[in-house]
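Everything on this sheet refers to the single structure shown next.
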Amino acid sequence: MFRHPNFALGGGAVFTLGFAVYSVNLPIMLYLQEAQGLSAELSGLMLLPMRVDSVVMSPIIGRLTDRVSPGRISRIGFTALITAMALFGVFMHLDVGPGWLLVPVVALGFANSLCWAPNSTISLRDLPPALVGAGSGVYNTSRQVGAVVGSAALGATMQTGVSRAVDTGVGVVGFGAAMGNALLVPVVPLVAGLLAVSRFRADGRPPAARAGAR
């Protein structure tokens, strides 16, 4: 399977997606409730735009994936995802109001629609039929391992930051920075994911197969 370049690259890229996307909701929810004083219900509704634009965009992106060169949509998606994480981190460090967080929330939903479907399609479509089942299992395992590692990394970052925060009796100074630091952690693996999808090829077969076809 890993002789197919697009599968190897996509498997690495989905690890970074799992690392980033499956763990970001917790620090966002904690920031909105603890630092901004929103209720749990209102904090949850703050993420609604992310779900809406992801649902709206996903069918459109799915149809475009087979019509443009491999990696073009994925590059835009990973760039949008990195931008969203960076904005979350900066805004939380600045302790901005919840309204400002709608900007990275919308960007995150947009990025999700551009990342997940194109990455899986390009990763698996060049595998021989006999390897598709195993390839799908390996691909999803990479995603799940990324989610576990990402949750652990963000959890450790949040715990370290919160332990250094100071409770003034009126509010917790440094709590927003702790949550912001946690959301900056996924930027590094996402850059690696961006580099991986930038190397997707139109012909994702192994070099020997491409030579034989010629």
Side-chain angles (χ1 to χ4, degrees), residues 1-25 49-85 104-151 153 186-214:
M1 288 183 292
F2 290 100
R3 292 179 181 176
H4 292 74
N6 286 351
F7 178 80
L9 293 168
V14 80
F15 174 92
T16 70
L17 287 175
F19 186 106
V21 174
Y22 283 87
S23 52
V24 298
N25 287 343
M50 176 176 66
R51 311 303 180 190
V52 172
D53 65 357
S54 181
V55 168
V56 171
M57 289 295 297
S58 292
I60 301 172
I61 299 303
R63 289 191 291 269
L64 286 175
T65 299
D66 292 328
R67 299 179 184 178
V68 300
S69 61
R72 180 180 298 179
I73 294 175
S74 296
R75 286 194 298 271
I76 298 172
F78 271 84
T79 301
L81 195 52
I82 292 169
T83 302
M85 295 298 176
V105 163
V106 171
L108 187 58
F110 178 71
N112 276 325
S113 65
L114 292 170
C115 287
W116 289 100
N119 195 77
S120 60
T121 298
I122 296 169
S123 299
L124 297 172
R125 67 184 177 189
D126 291 315
L127 289 179
L131 293 179
V132 170
S136 178
V138 172
Y139 181 88
N140 281 298
T141 298
S142 181
R143 172 180 57 82
Q144 292 168 353
V145 172
V148 171
V149 175
S151 298
V187 170
V188 175
L190 285 173
V191 170
L194 174 60
L195 294 175
V197 299
S198 297
R199 298 178 61 193
F200 278 149
R201 303 172 180 176
D203 187 346
R205 294 174 298 170
R210 293 198 297 271
R214 290 194 297 268

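If you're wondering where the values come from, they're calculated on a predicted model, not measured in any experiment.
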Open item on the list: side chain to side chain contact (heavy atoms under 4.5 Å, CB included), that's the test. Do L81 and L114 meet it? Break it down for me.
Closed with: CA-CA 9 Å; L81 195 52; L114 292 170; over 6 Å; no
Task: Step-by-step side chain to side chain contact (heavy atoms under 4.5 Å, CB included) determination, M50 to N25 - done: CA-CA 11 Å; M50 176 176 66; N25 287 343; 4.1 Å; yes
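Among all heavy-atom pairs drawn from W116 and G18, the shortest one is CH2-N, 4.0 Å. Across C115 and G77, no two heavy atoms sit closer than the pair SG-C, 3.3 Å. In terms of heavy atoms, L127 sits closest to L131 at CD1-O, 3.9 Å. Contact between P189 and T16 at its shortest, heavy atoms only, is O-CG2, 3.1 Å. Between I82 and L190, the shortest heavy-atom contact is CG1-CB, 3.6 Å. I122 and S74 make their closest contact through CD1-OG, 4.4 Å (heavy atoms, listed as atom of the first residue, atom of the second, distance).
Within the model, atoms NE2 of H4 and CG of L124 stand 11.0 Å from one another, a figure rounded to the nearest 0.5 Å. Residue D53 holds its CG atom at 8.5 Å from CG of L108, rounded to the nearest 0.5 Å.
A donor-acceptor pair is defined here as one N or O able to donate and one able to accept, closer than 3.5 Å; such a pair exists between the side chain of T65 and the backbone of I61. Looking only at distances, no side-chain donor or acceptor of S136 sits under 3.5 Å from a matching main-chain atom of V132.
Contacts classified as ring pair (Phe, Tyr, Trp, His ring centres under 6.0 Å) and involving residues 120-148 (residues at least two apart or in different chains) are not found. Sorted by first and then second residue, the salt bridge (charged side-chain N to carboxylate O under 4.0 Å, His left out) pairs with a member in residues 74-85 form an empty list; sequence neighbours excluded. For the salt bridge (charged side-chain N to carboxylate O under 4.0 Å, His left out) condition, no pair includes a residue of residues 110-120, sequence neighbours left out.
Remark: R143 engages Y22, N140 in a side chain to side chain donor-acceptor pair (under 3.5 Å) (not counting sequence neighbours). Partners of T141 by side-chain contact (heavy atoms from CB on, under 4.5 Å), not counting sequence neighbours, listed by chain and number: V145. Qualifying side-chain contact (heavy atoms from CB on, under 4.5 Å) partners for P59, counting only residues two or more places apart in sequence or in other chains: R63. Every residue meeting the side-chain contact (heavy atoms from CB on, under 4.5 Å) condition with S54, not counting sequence neighbours, appears here in chain and number order: S58, N112, S113. Looking at residues two or more places apart in sequence or on another chain, you find a side chain to side chain donor-acceptor pair (under 3.5 Å) between D126 and N6. Partners of A107 under the side-chain contact (heavy atoms from CB on, under 4.5 Å) rule, at least two apart in sequence or in another chain, are A84. With sequence neighbours excluded, the residues forming a side chain to side chain donor-acceptor pair (under 3.5 Å) with R125 are D66, listed by chain and number. Annotation: ring pair (Phe, Tyr, Trp, His ring centres under 6.0 Å) contacts of F7 (sequence neighbours excluded): F2.
Contact check for F19 versus V148: no side-chain heavy atoms found under the 4.5 Å cut-off.
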